[in-house]
**Student:** 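The following block contains the structure, expressed as structure tokens.
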Amino acid sequence: MACIAKEVETELLPFFRVYKDGYVERLLGSQYVPPLLDDPETGVSSKDITISQDPLIKARVFLPKLDEPHQKLPVLVYYHGGGFCVESAFSSDHHRYLDGLVSQAKVVAVSVEYRMAPEHYLPAAYEDGWAALQWIASHFAENVIDDEPWLTNHGNSERFFLGGDSAGANIAHNIAMKVGKEGLPGGLKVLGVSLTHPYFCGSKEIGSETCEDPEDFGCLVWNFVYPSAPGGVDCPMINPVAPDAPSLAGLACSRLFVSVSENDELRHRGIAYYEAVKESGWEGEAELVEVEGEDHAFHILKFETPKAKDLTRKVADFLTK
């Protein structure tokens, strides 16, 4: 209640307000929840780790109930959504989603807590996502010094995945492109990338969606969280089909899963991305899932509904196929 009397410096509604005293009030996002060993419903264990101190990068690691002590499992590096400015790897919504996905897919998942706007404008989230991936990948190279035992003991380096939702899916795409260009420690390969409701935009109209309108919400968010982006809304990091964007044939994976929802304003961008990857000369297997009658991130916000459970199952099938 104390925030009501303060003077607002700037705001990005409905996400947050920044007050003149520097206080940031986040208006969206679920509450933080602690990790849990041996969840009574799923049997999944989770714990929080620190990947880097400077910058501070943390993560929540999930391990499913094991069938045998030395079982090797696929590894999923996950980036949460929230417009690059809200939500968290430690929030109840994303914890619940990852807990359910890990239980079904039987994977070791590392959900990355990256820096967010307005305290840290982009490209900070991309930098943290890349640093976290390099640290995780180092567990499967020689001479690991600072290791996470759930990864070293149970991670299968031949089944390595990237994934995310919304802005996190955007991060996963950009990280996969960077892997294609620079590689990973020990020559680790990314088998698959899973993008649910990816956040892309651009100035050229696609389908019934356009970013030419200055009030377009996707463009407003991008311009706020990355004010110095080269090319604005046609920066390849937000518009992977922009004229100057690198070829999507460089996507560093052999399998791709993209899901969109009928009532999501980002739907057309997700479909255009999927089609552009297929037409780029990329030599992999791509799958597109469209869900009727649902909105953006419904599989996380309405986790217990039948359609949400079905989409989670499809993502789990992608990780286990």
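Throughout, numbering of the chain's residues begins at 1 and tracks the sequence.
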**Student:** Which atom pair, heavy atoms only, marks the closest approach of Val315 to Ser194?
**Tutor:** CG1-OG, 3.7 Å
**Student:** Around atom NZ of Lys307, are there more than 12 heavy atoms from other residues, nucleotides or ligands closer than 6.0 Å?
**Tutor:** yes
**Student:** Should Tyr97 and Phe90 be counted in the same cluster of Ile, Leu, Val, Met, Phe, Trp and Tyr side chains packed under 4.5 Å apart?
**Tutor:** no
**Student:** May I ask you to decide whether Glu148 forms a salt bridge with Lys47, counting only side-chain N to carboxylate O separations under 4.0 Å?
**Tutor:** yes
**Student:** For the residue pair Thr42 and Ser103, confirm or rule out a side-chain donor-acceptor distance under 3.5 Å.
**Tutor:** no
**Student:** Is the count of non-hydrogen atoms from other residues, nucleotides or ligands lying under 6.0 Å from Glu158 atom CD greater than 12?
**Tutor:** no
**Student:** Using 0.5 Å steps for rounding, measure from the CD atom of Glu287 to the CG atom of Asp317.
**Tutor:** 8.5 Å
**Student:** Closest heavy-atom contact between Val190 and Ala252?
**Tutor:** CB-O, 3.1 Å
**Student:** Do Leu266 and Val260 make a side-chain contact, defined as non-hydrogen atoms from C-beta onward lying under 4.5 Å apart?
**Tutor:** no
**Student:** Please report the C-alpha distance between Trp135 and Trp130 in whole Å, then the side-chain angles of each, then the deciding distance to 0.1 Å, and finally whether the side chain to side chain contact (heavy atoms under 4.5 Å, CB included) criterion is met.
**Tutor:** CA-CA 9 Å; Trp135 180 84; Trp130 178 246; over 6 Å; no
**Student:** Please name all residues satisfying side-chain hydrogen bond (donor to acceptor under 3.5 Å, both in side chains) with Thr196, sequence neighbours left out, ordered by chain then number.
**Tutor:** His299
**Student:** Quick one: does NZ or CZ of Arg255 land under 6.0 Å from the six-membered ring centre of Phe318, within 45 degrees of the ring axis?
**Tutor:** yes
**Student:** Any donor-acceptor pair under 3.5 Å linking the side chain of Ser261 with the backbone of Asn263?
**Tutor:** no
**Student:** Would you say Trp282 and Leu248 make side-chain contact, with heavy atoms under 4.5 Å?
**Tutor:** no
**Student:** Any sub-3.5 Å donor-acceptor pair from Glu262's side-chain atoms to Val291's backbone N or O?
**Tutor:** no
**Student:** Would you say Val24 and Pro118 make side-chain contact, with heavy atoms under 4.5 Å?
**Tutor:** yes
**Student:** Verify side chain to side chain contact (heavy atoms under 4.5 Å, CB included) between Leu311 and Val289, making sure each step is shown before the conclusion.
**Tutor:** CA-CA 8 Å; Leu311 180 56; Val289 171; 4.3 Å; yes
**Student:** Say you draw a straight line from CZ of Arg269 to CG of Asp264; how long is it, rounded to the nearest 0.5 Å?
**Tutor:** 12.5 Å
**Student:** Check this for me: does any side-chain nitrogen of one of Arg115 and Glu127 sit under 4.0 Å from a carboxylate oxygen of the other?
**Tutor:** yes
**Student:** Can you see whether Tyr23 has Lys6 sitting over its ring - NZ or CZ less than 6.0 Å from the centre and within 45° of the normal?
**Tutor:** yes
**Student:** Got a second to check how far Ile238's CD1 is from Asn174's CG, nearest 0.5 Å?
**Tutor:** 8.0 Å
**Student:** Taking all non-hydrogen atoms of both residues, which atom of Tyr79 and which atom of Gly129 are closest, and how far apart?
**Tutor:** OH-O, 3.0 Å
**Student:** Using the rule that Ile, Leu, Val, Met, Phe, Trp and Tyr join whenever any side-chain heavy atoms are under 4.5 Å apart, tell me whether Leu133 and Leu151 fall into a single cluster.
**Tutor:** yes
**Student:** Quick one: which residue pairs count as a ring pair (Phe, Tyr, Trp, His ring centres under 6.0 Å) with a foot in residues 170-194, not counting sequence neighbours?
**Tutor:** His173-Phe200, His173-Tyr273
**Student:** Heavy atoms, side chains only, cut-off 4.5 Å: are Phe224 and Tyr121 in contact?
**Tutor:** yes
**Student:** Taking the ring centre of each residue, are His80 and Tyr114 less than 6.0 Å apart?
**Tutor:** yes
**Student:** Checking the side chain of Asp99 only, and the main-chain atoms of His95 only, is there a donor and an acceptor separated by less than 3.5 Å?
**Tutor:** no
**Student:** Any side-chain heavy atom of Leu251 sitting closer than 4.5 Å to one from Met177?
**Tutor:** yes
**Student:** Do the side chains of Arg60 and Glu113 get close enough for a salt bridge, i.e. N-O under 4.0 angstrom?
**Tutor:** no
**Student:** Are the side chain of Lys302 and the backbone N or O of Ala297 linked by a donor-acceptor pair below 3.5 Å?
**Tutor:** no
**Student:** Is a donor on one side and an acceptor on the other found under 3.5 Å between the side chain of His154 and the backbone of Gln71?
**Tutor:** yes
**Student:** Side chains of Ile57 and Thr50: does their closest heavy-atom pair fall under 4.5 Å?
**Tutor:** no
**Student:** Taking the six-membered ring for Trp, are the ring centroids of Phe15 and Phe217 within less than 6.0 Å of each other?
**Tutor:** yes
**Student:** Using modelled atom types and a 3.5 Å cut-off, is there a donor and acceptor pairing between side-chain atoms of Glu182 and backbone atoms of Lys178?
**Tutor:** no
**Student:** To the nearest 0.5 Å, tell me how far His70 NE2 sits from Asn153 CG.
**Tutor:** 8.5 Å
**Student:** Relative to each other, are the rings of His197 and His296 parallel, tilted or perpendicular (30° and 60° limits)?
**Tutor:** tilted
**Student:** Below 4.0 angstrom, N of the basic side chain to O of the carboxylate: do Asp310 and Arg313 qualify?
**Tutor:** yes
**Student:** Below 30° counts as parallel, above 60° as perpendicular, anything between as tilted: where do the rings of Tyr78 and His94 land?
**Tutor:** tilted
**Student:** Might you point out which heavy atoms bring Pro240 and Ala245 nearest each other, and give the distance in Å?
**Tutor:** O-CB, 3.4 Å
**Student:** Decide, yes or no, whether a salt bridge links Glu119 with Arg26 under the criterion of side-chain N to carboxylate O below 4.0 Å.
**Tutor:** yes
**Student:** Mind checking the CG-SG spacing from Leu122 to Cys235? Nearest 0.5 Å is all I need.
**Tutor:** 9.0 Å
**Student:** Same hydrophobic cluster for Leu98 and Val61, using side-chain heavy-atom links shorter than 4.5 Å among ILVMFWY?
**Tutor:** no
**Student:** For Lys65, does its backbone N or O pair with a side-chain atom of Lys106 as donor and acceptor, under 3.5 Å?
**Tutor:** yes
**Student:** Evaluate salt bridge (Lys or Arg N to Asp or Glu O under 4.0 Å) for Glu304 paired with Lys309, printing each intermediate quantity in order.
**Tutor:** CA-CA 6 Å; Glu304 293 297 332; Lys309 289 183 176 180; 3.5 Å; yes
**Student:** Main chain of Gly168, side chain of Asp165: is a donor-acceptor contact present, judged purely on distance under 3.5 Å?
**Tutor:** no
**Student:** Say you draw a straight line from SG of Cys253 to CG of Leu162; how long is it, rounded to the nearest 0.5 Å?
**Tutor:** 8.0 Å
**Student:** Check whether any side-chain heavy atom of Asn156 lies under 4.5 Å from a side-chain heavy atom of Val75, and answer yes or no.
**Tutor:** no
**Student:** Any side-chain donor paired with an acceptor under 3.5 Å for Asp38 and Ser45?
**Tutor:** no
**Student:** Leu63 vs Val102, test: side chain to side chain contact (heavy atoms under 4.5 Å, CB included). Steps then yes/no.
**Tutor:** CA-CA 7 Å; Leu63 181 70; Val102 165; over 6 Å; no
**Student:** Where the side chain of Asp147 meets the backbone of His139, is there a donor-acceptor pair that is under 3.5 Å apart?
**Tutor:** no
**Student:** Is a side-chain donor or acceptor of Ser254 paired with a backbone partner of Gly284 at a separation under 3.5 angstrom?
**Tutor:** no
**Student:** Any non-hydrogen side-chain atom of Ile51 less than 4.5 Å from a side-chain atom of Ile49?
**Tutor:** yes
**Student:** Closest approach of Leu101 and Ala316, non-hydrogen atoms and distance?
**Tutor:** CD1-N, 3.7 Å
**Student:** Check the angle between the aromatic planes of Trp222 and Tyr199 and answer parallel, tilted or perpendicular using the 30° and 60° thresholds.
**Tutor:** perpendicular
**Student:** Can you list the residues that meet the side-chain contact (heavy atoms from CB on, under 4.5 Å) rule with Leu27, with sequence neighbours excluded?
**Tutor:** Leu13, Arg17, Glu25
**Student:** State, to 0.1 Å, how close Val110 and Ala59 come at their nearest heavy-atom pair, and which atoms those are.
**Tutor:** CG1-CB, 3.8 Å
**Student:** Begin from the C-alpha positions of Phe161 and Phe257 and carry the test ring pair (Phe, Tyr, Trp, His ring centres under 6.0 Å) through to its verdict.
**Tutor:** CA-CA 11 Å; Phe161 294 85; Phe257 178 93; over 10 Å; no
